[in-house]
Amino acid sequence: MKSRGASLIEMLVVLVIVGVLIGAFSTGGFGLLKGSAGSKPRADGVGETIVGRSKAAGKDTVCRSNLNQVRQAIMIYRTNADDAPPASIADLKLPKEFSSCPLGGEPYELNTESGEVRCPHLGHEKY
């Protein structure tokens with residue numbers, strides 16, 4: 001004999017799954033929606049959801065990597081220029097994406113006296 005409908009157990013499983021999903025998304029329980037409980041906002045206000053925070057964290061990592069590349073290029077430049085720092089980041093002849101923060105788009109700041117470079121984006125002060 002073939003059964004023509006869903007069994008009671010199948011229906012209960014589907015209802016439980018749908019209930020869990022509705023509860024999670026309506027209260028922000030998984031943090032996928034704005035304003036989830038227990039989440040501390042970023043200093044720059046970027047990434048209000050888990051997905052947004054993950055993307056912002058990835059760009060934070062790219063910013064750190066870019067700054068490290070620029071700092072290494074400055075060290076090489078100073079070796080070739082008798083320990084004089086470059087006048088600008090453009091003097092390092094790096095690709096354009098190494099001259100600004102990938103998250104906020106602000107250009108990196110170079111101290112021409114000391115040769116130190118930093119990111120002006122809010123929350124990137126320690127980079």
Side-chain angles (χ1 to χ4, degrees):
M1 276 180 93
K2 286 188 172 184
S3 80
R4 293 185 155 238
S7 70
L8 181 60
I9 302 228
E10 291 171 338
M11 292 301 290
L12 288 175
V13 168
V14 169
L15 287 174
V16 167
I17 291 172
V18 169
V20 167
L21 290 174
I22 288 174
F25 285 108
S26 66
T27 62
F30 291 139
L32 296 173
L33 301 176
K34 185 176 176 179
S36 62
S39 63
K40 185 177 174 188
R42 290 174 47 103
D44 57 4
V46 177
E48 296 177 349
T49 64
I50 286 181
V51 174
R53 286 177 193 238
S54 297
K55 287 181 180 180
K59 289 184 180 182
D60 289 344
T61 303
V62 171
C63 184
R64 279 191 206 117
S65 176
N66 287 351
L67 286 171
N68 286 334
Q69 292 291 326
V70 171
R71 289 176 182 132
Q72 288 177 0
I74 289 172
M75 288 176 27
I76 293 169
Y77 183 91
R78 292 182 102 174
T79 303
N80 295 333
D82 297 327
D83 207 34
S88 71
I89 293 179
D91 291 346
L92 300 173
K93 298 186 177 24
L94 291 170
K96 191 168 68 170
E97 61 264 12
F98 287 98
S99 63
S100 63
C101 178
L103 191 58
E106 302 96 335
Y108 293 138
E109 296 174 352
L110 174 68
N111 184 339
T112 56
E113 294 176 6
S114 65
E116 293 180 4
V117 65
R118 62 178 287 279
C119 180
H121 187 76
L122 188 62
H124 290 190
E125 295 87 12
K126 295 181 181 179
Y127 297 176

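If you read the sequence from its start, that first residue is 1, and numbering goes on from there.
Between Asp60 and Arg42 there is a salt bridge, with a side-chain nitrogen of the basic residue lying less than 4.0 Å from a carboxylate oxygen of the acidic one.
Note that the CZ atom of Arg64 and the NZ atom of Lys126 stand 11.0 Å from one another [nearest 0.5 Å]. Thr49 OG1 to Lys55 NZ: the interatomic distance, rounded to the nearest 0.5 Å, is 8.0 Å. Atom CE of Met75 is separated from atom CG of Asp83 by 11.0 Å, given to the nearest 0.5 angstrom. Remark: Leu67 CG to Arg71 CZ distance equals 5.0 Å, nearest 0.5 Å.
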Side-chain donor-acceptor distances from residues 86-96 under 3.5 Å, at least two apart:
{"residue": "Ser88", "atom": "OG", "partner": "Ala90", "partner atom": "N", "Å": "3.4"}
{"residue": "Asp91", "atom": "OD2", "partner": "Ala87", "partner atom": "N", "Å": "3.2"}
{"residue": "Asp91", "atom": "OD2", "partner": "Ser88", "partner atom": "N", "Å": "3.3"}

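Side-chain atoms of Glu10 come within 3.5 Å of backbone atoms of Ser7 as a donor-acceptor pair (strictly under, hydrogens ignored). In terms of modelled atom types and a separation under 3.5 Å, the side chain of Glu125 and the main chain of Gly123 share a donor-acceptor contact. Judged by distance alone, the side chain of Ser65 and the main-chain N or O of Thr61 form no donor-acceptor pair under 3.5 Å.
Hydrophobic clustering, with ILVMFWY side chains joined whenever heavy atoms are under 4.5 angstrom apart, groups Val13 together with Leu21.
Under a cut-off of 6.0 angstrom, the local environment of CD1 in Ile9 is sparse, with at most 12 non-hydrogen atoms contributed by other residues, nucleotides or ligands. Glu97 CD: more than 12 foreign heavy atoms inside a 6.0 Å radius.
Heavy atoms only, all atoms of each residue included: Leu122 and Ala43 are closest at CD2-O, 3.0 Å. Minimum interatomic distance between Pro102 and Asn66 (heavy atoms only, all atoms of both residues): CD-ND2, 4.2 Å. In plain terms, the two heavy atoms of Cys63 and Cys101 that are nearest each other are SG-SG, 3.9 Å.
Taking Arg118 as the reference, Glu109 meet the salt bridge (charged side-chain N to carboxylate O under 4.0 Å, His left out) condition, with sequence neighbours excluded.
Asn111 places none of its side-chain heavy atoms less than 4.5 Å from the side chain of Val117.
Pairs engaging residues 78-127 under the ring pair (Phe, Tyr, Trp, His ring centres under 6.0 Å) rule: His121-His124, His124-Tyr127 [sequence neighbours left out].
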